[in-house]
Each structure stands twice: as C-alpha cells, then as structure tokens.
J.: 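Okay, here's the structure, questions in a sec.
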There are 2 protein chains.
Amino acid sequence: MTRARAARPAKKRPDRYHHGDLRRALLQEAVRTIAKHGVDGLTLRTVGSSLGVSRTALYRHFADKAALLAAVAADGFRTLRVDLEEAWQRGGRGRAGFEAMGLAYVRFALAHPSHYRVMFGADIPGADNPELTQEGAGAFQVLVYAVVALQQLKLARQDEPRQMALFIWATVHGVAMLALDGRLGPEPAVVNRLIEYTIDRLRTGIAPGR
Amino acid sequence: MTRARAARPAKKRPDRYHHGDLRRALLQEAVRTIAKHGVDGLTLRTVGSSLGVSRTALYRHFADKAALLAAVAADGFRTLRVDLEEAWQRGGRGRAGFEAMGLAYVRFALAHPSHYRVMFGADIPGADNPELTQEGAGAFQVLVYAVVALQQLKLARQDEPRQMALFIWATVHGVAMLALDGRLGPEPAVVNRLIEYTIDRLRTGIAPGR
DNA sequence: ACCTGAACACCGTTCAAGT
DNA sequence: ACCTGAACACCGTTCAAGT
C-alpha cells in the first residue's frame, strides 16, 4: 500500500477526500443514494458514512442539505440538456428531431424519477441558487432553439419562441409528473400511448394557421 | 360561560372532540396549517396542540401522518372538482366554459399552492388509498365530460375522450407546477400570459382536422 | 372507545476542539 | 483548511397506562 503509493508518480490522484474533492464525492454519492432510495432516503449521516467521513464534514462544502439538493438538481438539468440535444440532432433538427426531444424528455423523467423530482421539488431554493438557475435555463434554451428551427421550417406558428417553448415544456413536464406520481396507473402502455398522443397534439397545437 | 352552555338546548354541538369529530377537526386543522406554513410546517405535535389534544391522539383516526396527508389531498380534489364544474357550467358548457375550466384549474393551484402540492406529492400512497383515488377520478371525470361535449359541438377531434382529457390535464398540470415552483419567475404577468397562450394552443391542438 | 405521557430511534445543525 | 464528536432541538411512532 505504502509502496504502491511511493511508486506512483505524483499525479494528484486523491486517495483521501481532501482539497475540494469531497464536494464532488458528496454530490456523486447523493445522486446515487437518491436513485436507489429516493429523496427521503438521503440523510447526511448515510451519505457521510458511505464516504467514510463524518456526517458534519458536508458543511465545509455545502451551506446545508438544501444546497446539496440544489447541486443534485443542477446536475440533473445538465444531463437532461445533453439528452435533449442528442435527440434533437440525431432526429435531424426537424419534425422528427422535435418528436424525439419530447420522447427523450419524458424518458429522462421516467428513468430517473427521484432525481427528476428533486429538480422540480419545492424544498429547493431555486431562485437564490445561481448554478441551478443557469443549468435549468440551459436545458430550456435547447428547446427554444428547436422551436425557432421549426418556425423557420414553417412547421410552427410565428409566435414568440420563448412563449411557445414554455407551453411545450409545461406539457411534457405535466405528462412526466402524472406518470411519476402513478396517476396514470401501473400500465406502461398507458404512459407510452399518452406520450405519443401528446406529441401529436403538440404538433397540431403549434402548427401554423388557425 | 357556564350559564350560556346550560341555557343552550342539547343540539349535539361538540365542544370536546369526541365520537369521531376529532377526525374532521384534525383534517381541517391540517389543511389550515399547510395553507399557512406549507407541508413541512405540518407536524403531528403542532396540529395536536392546536386542537388541545395530545400529539398521539391522531393515531386513533389515521394510520399515520401519510394517511392524514392523503385525506388532505382527497379534500383538495373535492374542492377542485367543484371549482371546475362551476367554471364549466357558468361558461355555458361550450368553448368559453372549457377555457374557463382551464383558467379555474391553474387558479386553484396558485390559490392553494401547498395544498395542490400535497395532492400530487410523492409522499402520498396514492394507489392504496381508495378515498384519494376516488376523489381524483371524480375531478378528472368533469374534464372527460367537457371533452365529450366539445366533440359533440364539433369543436374537438373525435379521439378517445379519456386520452384527450389526459393530455389536457397534463398540460394544465404542467403549467400549474412550473408556476408553483417559481420556474416562471416572480412576474405574475408571465404566468397569466402563459395560461392564456396555453389555453389557445390547447384549442388548436385538439381542434378537428389535420 | 378514546386519549395521555414517557420512551425510542431517528433527523439536521451548531460548535468547540483536534490536526 | 478540513474534519471530528458531543450536544441540541427537533421529528414520527410505539406502547403501556389511564378514564
């Protein structure tokens, strides 16, 4: 052990959580815990002991538990943005790409239900957390760009893009939340049918004319 | 004081919480507490002492705190259903009534944000609570009826009514949640504009043709 | 039947102290 | 600078005991 460490070149690899790496480790462990045990399963004690660290060590890196959750939420928005960008581009940045984005959005929520709930939870100080605000805006911006592209392709009305994007966001968010809360019943087919139907109603809803 | 009580006829008015009235009092107090201090402000201790009762007295009437919250949620769905019915009828059971319903839905959420959150919260055993399931279904049924009426008026596509109602529900629910979570910023004008825009996009989204 | 009071096993957070 | 350990003020829930 000591020999191995001596033999290794000084590559700044942190074996102990020091010099700022504990923050990343805490965030990573929090994400894992939430995925496995839900938000209520996340306690400062468990996340601390999982990293072999005191339960109060967290306070060096986060103001409080809410700040940790805000960081978790920001991380979620980052992942969501990447997912949306991929779907949009792979779909060809047109109508197919737009539909793929809608599907990707709801799938993200269903794949990471607890994480998604933290992102939109009430217990998070959304307004006064710059990182969370920024990451949330970043994910939203992907949708705005897509809307503008659809408008240029004459597939969407010439309304204010941000307004239209907000409407679309609210709709897919609503579908995701109803599904997550089990409000659509236990059948996955019901959820899938609603997603498909919703995307088609979005298409006719934002189409030019009328 | 004592005189007044003696003079009053025996009208079965409960001065002490006994014989099943404590349940109603607990529910009522829980709703009031949540409205004033949010869900986190609701503790069995405070709601108990507000009624001059031990903090464990609740367990005679509810299985646990989650069951109390489920009752709160069911109560909310009952109020929401009444609000929706009123809006639909006063609007003339047509296009105006439908738009009034959409507005009434989001307004309910904004008027009772904490209560609304409990209705859709994750901490509630939605599936295994018959009363909550029934009240939720009742509110949804109002929307389904309205959709059928719109279809008969040729104002909506001839799709499966429940499917269309689910889509509409998801959309207004999404708008409500984004507004409640402060995701639309502090300006009420932004919220109002989104509500208006959303209702108009719902109109073109569910319109016949295309 | 209905409620109480003590006890239990938790929780987030503070703070003086260690290195 | 970073982390610890004890302490504090909470919390939901259980349970024997009272009436």
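On a predicted model such as this, the values are computed, not experimentally measured, just so you know. Lettering follows sequence order; numbering is per chain, from 1.
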J.: Name the atoms and distances for all side-chain donor-acceptor pairs under 3.5 Å in residues 68-80 of chain B, with sequence neighbours left out.
T.:
| unit_1 | atom_1 | unit_2 | atom_2 | d |
| --- | --- | --- | --- | --- |
| B/Arg78 | NE | B/Glu135 | OE2 | 3.0 |
| B/Arg78 | NH2 | B/Glu131 | OE2 | 3.0 |
| B/Thr79 | OG1 | B/Asp75 | O | 3.2 |

J.: My understanding is that only residues two or more places apart in sequence, or in another chain, count here; which of them pass side-chain hydrogen bond (donor to acceptor under 3.5 Å, both in side chains) with A/Thr43?
T.: A/Thr46
J.: Among pairs that include at least one residue of residues 171-203 of chain A, which meet ring-ring contact (aromatic ring centres under 6.0 Å, His included), considering only residues two or more places apart or in two chains?
T.: A/Tyr116-A/His173, A/Phe120-A/His173
J.: I need the residues from residues 28-37 of chain B with at least one non-hydrogen atom less than 4.0 Å from DNA chain C; give them sorted by number, or say none.
T.: none
J.: List the residues meeting ring-ring contact (aromatic ring centres under 6.0 Å, His included) with A/Phe62, not counting sequence neighbours, and say none if there are none.
T.: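 By the ring-ring contact (aromatic ring centres under 6.0 Å, His included) rule, A/Phe62 matches no residue at all.
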J.: Can you figure out which of D/dT4, D/dT13, C/dT13 approaches the side chain of B/Tyr59 most closely?
T.: D/dT13
J.: B/Gln89: what forms a side-chain hydrogen bond (donor to acceptor under 3.5 Å, both in side chains) with it, not counting sequence neighbours?
T.: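 Per chain and number, B/Gln89 pairs via side-chain hydrogen bond (donor to acceptor under 3.5 Å, both in side chains) with no residue.
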J.: Short of 4.0 Å, heavy atom to strand atom, which residues of residues 42-49 of chain B count as contacting DNA chain C?
T.: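 Heavy-atom cutoff 4.0 Å gives no residues at all.
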J.: For nucleotides 15-19 of chain C, give me every protein contact, N/O to N/O, under 3.5 Å, one pair per line with atom names.
T.:
none

J.: Suppose we screen for side-chain hydrogen bond (donor to acceptor under 3.5 Å, both in side chains). Which residues come up paired with B/Glu99, at least two apart in sequence or across chains?
T.: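 Expected list: B/Arg95.
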J.: Please work out the stems of DNA chain D from pairs that are Watson-Crick or G-U wobble with both distances under 3.5 Å, keeping only runs of three or more consecutive pairs.
T.: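 Consecutive-pair runs (3 or more) involving DNA chain D: C:4-8 with D:12-16, C:12-16 with D:4-8.
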J.: Partners of B/Glu86 by salt bridge (charged side-chain N to carboxylate O under 4.0 Å, His left out), sequence neighbours excluded?
T.: B/Arg90
J.: List the residues meeting side-chain hydrogen bond (donor to acceptor under 3.5 Å, both in side chains) with B/Thr33, not counting sequence neighbours, and say none if there are none.
T.: none
J.: Can you tell which of D/dC3, C/dT13, D/dT4 lies closest to the side chain of A/His61?
T.: D/dC3
